[in-house]
Chemist: 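Pasting a structure here, questions to come.
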2 protein chains.
Amino acid sequence: MHTYTEENYLKSIYHLLEQNEQASTNDIAASLKTRAASVTDMLKKLAEKKLINYARYQGVSLTPAGQKVALGIIRKHRLWEHFLVDKLKFKWDEVHDMAEELEHISSVELINRLEQFMDYPQFDPHGDPIPNSNGEIKAQLLQPALALTQHQTGVIAAVSDHSASFLQYLEKIQLTIGKEIKVTEITDYDLCLEVTTDNKVLNISREVAKNLLIAL
Amino acid sequence: MHTYTEENYLKSIYHLLEQNEQASTNDIAASLKTRAASVTDMLKKLAEKKLINYARYQGVSLTPAGQKVALGIIRKHRLWEHFLVDKLKFKWDEVHDMAEELEHISSVELINRLEQFMDYPQFDPHGDPIPNSNGEIKAQLLQPALALTQHQTGVIAAVSDHSASFLQYLEKIQLTIGKEIKVTEITDYDLCLEVTTDNKVLNISREVAKNLLIAL
DNA sequence: TAAAATTTTTAGACTAATCTAAAATTTACA
DNA sequence: TGTAAATTTTAGATTAGTCTAAAAATTTTA
Ligand SMILES: [Mn+2]
Ligand SMILES: [Mn+2]
Ligand SMILES: [Mn+2]
Ligand SMILES: [Mn+2]
């Protein structure tokens with residue numbers, strides 16, 4: 001169908017447009033660890049195949065066809081991550097690189113069976129929603145823990161930093177998906193939040209609170 | 001480590017040497033659906049990397065390093081096939097093409113966990129032995145059902161034709177792995193064998209009997 | 001054992017994806 | 001508003017893997 005590389009470009013563009021409302025040539029290059037000149041070449045090719053809308057110097061958007069491909073890859077990535085954690089007992093910080101390979105396994109039937117085998121999970125190990133087999137994805141209503149006011153309570157639903165070091169840190173301090181936290185104090189002078197969970201009191205930096213997403 | 005293509009060449013050479021004691025340039029080209037000229041190029045590259053022993057016009061053999069890579073790919077192929085049949089409930093004639101892709105997923109830890117998840121299976125769905133994580137593989141003692149004499153009994157252990165049509169036929173007549181069969185009559189004039197299994201009498205052609213492997 | 005047939009290798013070209021360096025265009029701001 | 005800075009595109013090369021056509025080597029066979 002499409003090459004491994006084309007799939008990665010489409011997924012990358014999708015993710016950039018999720019956050020930035022803009023997917024620039026340089027941003028795509030950075031996210032794929034390649035060069036802007038290479039990106040321009042590929043954008044022409046993807047436009048030729050009607051997977052993106054592209055005009056020189058004007059940035060890109062995904063066509064419905066391109067969006068469908070991107071969501072198919074994201075669906076596979078997240079279902080495989082769920083499998084690795086739920087069935088093979090990997091930790092949530094260990095699965096991303098394996099899923100980067102597994103997401104390109106072409107069979108749609110395989111991924112549908114895998115989904116059934118795991119009883120139709122709705123979220124991946126990092127709290128991200130899993131698109132269904134029609135490419136439909138539930139928008140999540142989330143806010144950073146940083147936005148919580150004093151004495152407010154919330155449930156950790158996802159993370160916005162997927163780096164292994166951040167995930168390992170959260171694991172260590174036991175701030176994982178599903179945990180309820182209460183902001184017991186906000187200290188202005190040292191930029192930290194005091195949160196309480198499981199009757200334990202923790203101090204987390206504003207940087208950590210920014211990347212910890214709370215269900216609305 | 002090695003490219004997808006290099007891995008396929010090594011696996012192909014391994015399988016050819018299993019059967020033929022010779023892996024010719026043309027045989028490799030046929031098995032990989034490519035051209036002899038392309039094979040020669042790749043053989044030079046694999047020799048450069050010390051994965052095969054190669055001298056112009058003299059054919060090839062695998063070095064210990066090449067053998068190890070080949071067995072690693074075969075291990076992954078067979079474990080994934082077992083997963084697809086045992087856990088995802090695919091039929092034995094449906095899994096080969098998916099395994100051709102999955103065998104190139106690089107993580108060794110992933111395949112070891114998958115093996116553990118399935119309780120260390122010894123054989124894939126077609127009766128082929130699964131190499132262990134050290135690349136050791138048990139040699140199977142098998143003979144074609146065709147070699148059975150009248151009134152002799154044997155257990156079906158594997159197949160030597162892996163085509164979907166052959167596997168579907170065996171499924172239909174219920175001659176599957178593990179079944180005990182007894183040769184009740186050998187008819188010289190129409191080239192068929194009469195076999196009895198589960199108190200049912202079946203007639204199978206010599207071609208089918210040739211590809212049905214019996215444990216010794 | 002020499003010609004014929006077959007197999008294998010070489011030569012030269014093509015595609016997908018990448019790169020560096022330079023040119024073109026857009027954006028920022030003095 | 002015009003110059004400087006940043007971004008993006010083009011030009012020209014490179015690498016892995018593939019191809020066809022032709023040459024070289026081996027094997028078969030008469
Ligand atoms: Mn991931
Ligand atoms: Mn994830
Ligand atoms: Mn197979
Ligand atoms: Mn098999």
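Fair warning: this is a prediction, and the values are worked out from it, not measured in the lab. Below, chain A is the first sequence line, B the second, and so on; all start at residue 1.
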Chemist: Who does dA30(D) pair with, Watson-Crick or G-U, both distances under 3.5 Å?
Modeler: dT1(C)
Chemist: Does T3(B) place a side-chain N or O at less than 4.0 Å from the phosphate oxygens OP1/OP2 of dA16(D)?
Modeler: no
Chemist: Find the distance H2(B):NE2 to dA16(D):C1' and express it as a whole number of Å.
Modeler: 15 Å
Chemist: Please tell me if T25(B) has a side-chain N or O lying less than 4.0 Å from either OP1 or OP2 of dT9(C).
Modeler: yes
Chemist: Would you say a side-chain N or O of S24(A) is under 4.0 Å from OP1 or OP2 of dT7(D)?
Modeler: no
Chemist: If you only use heavy atoms from C-beta on, which nucleotide in dC19(C), dA24(D), dC19(D) is closest to the side chain of R35(B)?
Modeler: dC19(D)
Chemist: Choosing from dT9(D), dT18(C), dA16(D), which nucleotide comes nearest the side chain of D41(A)?
Modeler: dT18(C)
Chemist: Give the rounded distance in Å between these two atoms: CD of E6(A) and P of dT15(C).
Modeler: 16 Å
Chemist: Does R78(A) pair with E81(A) as a salt bridge, N-O distance under 4.0 Å?
Modeler: no
Chemist: Using a heavy-atom cut-off of 4.0 Å across all strands, would you classify Y4(B) as base, sugar-phosphate, or nothing?
Modeler: nothing
Chemist: Can you tell which of dA25(D), dT18(C), dT18(D) lies closest to the side chain of Y9(B)?
Modeler: dT18(D)
Chemist: Do S106(A) and E101(B) have a side chain donor and acceptor closer than 3.5 Å?
Modeler: yes
Chemist: With respect to the phosphate group of dT6(C), does any side-chain polar atom (N or O) of Y57(B) fall under 4.0 Å of OP1 or OP2?
Modeler: no
Chemist: With both distances under 3.5 angstrom, what nucleotide forms a Watson-Crick or G-U wobble pair with dT15(D)?
Modeler: dA16(C)
Chemist: Any side-chain N or O of T5(A) less than 4.0 Å from the OP1 or OP2 oxygen of dA16(C)?
Modeler: no
Chemist: Tell me which of K33(A) and Q58(A) sits closer to the 5' end of DNA chain C, going by the nucleotide each one is nearest to.
Modeler: K33(A)
Chemist: Does this structure show an ion pair linking E7(B) with K11(B), if we count only N-O contacts that are shorter than 4.0 Å?
Modeler: no
Chemist: Answer yes if the ring centres of F83(A) and F83(B) are under 6.0 angstrom apart, and no otherwise.
Modeler: yes
Chemist: Send over the distance from L32(A) CG to dC19(C) C1', rounded to a whole Å.
Modeler: 15 Å
Chemist: Find the distance N8(A):CG to dA16(C):C1' and express it as a whole number of Å.
Modeler: 14 Å
Chemist: Within the 4.5 Å heavy-atom criterion, are I173(B) and I204(B) side-chain neighbours or not?
Modeler: yes
Chemist: Can you tell me if T40(B) touches the phosphate of dT9(C), counting only side-chain N or O atoms and a distance under 4.0 Å to OP1 or OP2?
Modeler: yes
Chemist: I need the CD1-P distance between I52(B) and dT8(C), as an integer number of Å.
Modeler: 13 Å
Chemist: Quick one: which of dT10(D), dT18(C), dT10(C) gets closest to the side chain of K44(B)?
Modeler: dT10(C)
Chemist: Report yes if at least one side-chain N or O of Y54(B) is closer than 4.0 Å to OP1 or OP2 of dT8(C); otherwise report no.
Modeler: no
Chemist: Would H126(A) and H96(A) count as a close aromatic pair, with their ring centres under 6.0 Å?
Modeler: no
Chemist: The side chain of N26(B) lies closest to which of these nucleotides: dT7(C), dA21(D), dT10(D)?
Modeler: dT7(C)
Chemist: Heavy-atom nearest nucleotide on DNA chain C for R56(A) versus A36(A): which residue maps closer to 5'?
Modeler: A36(A)
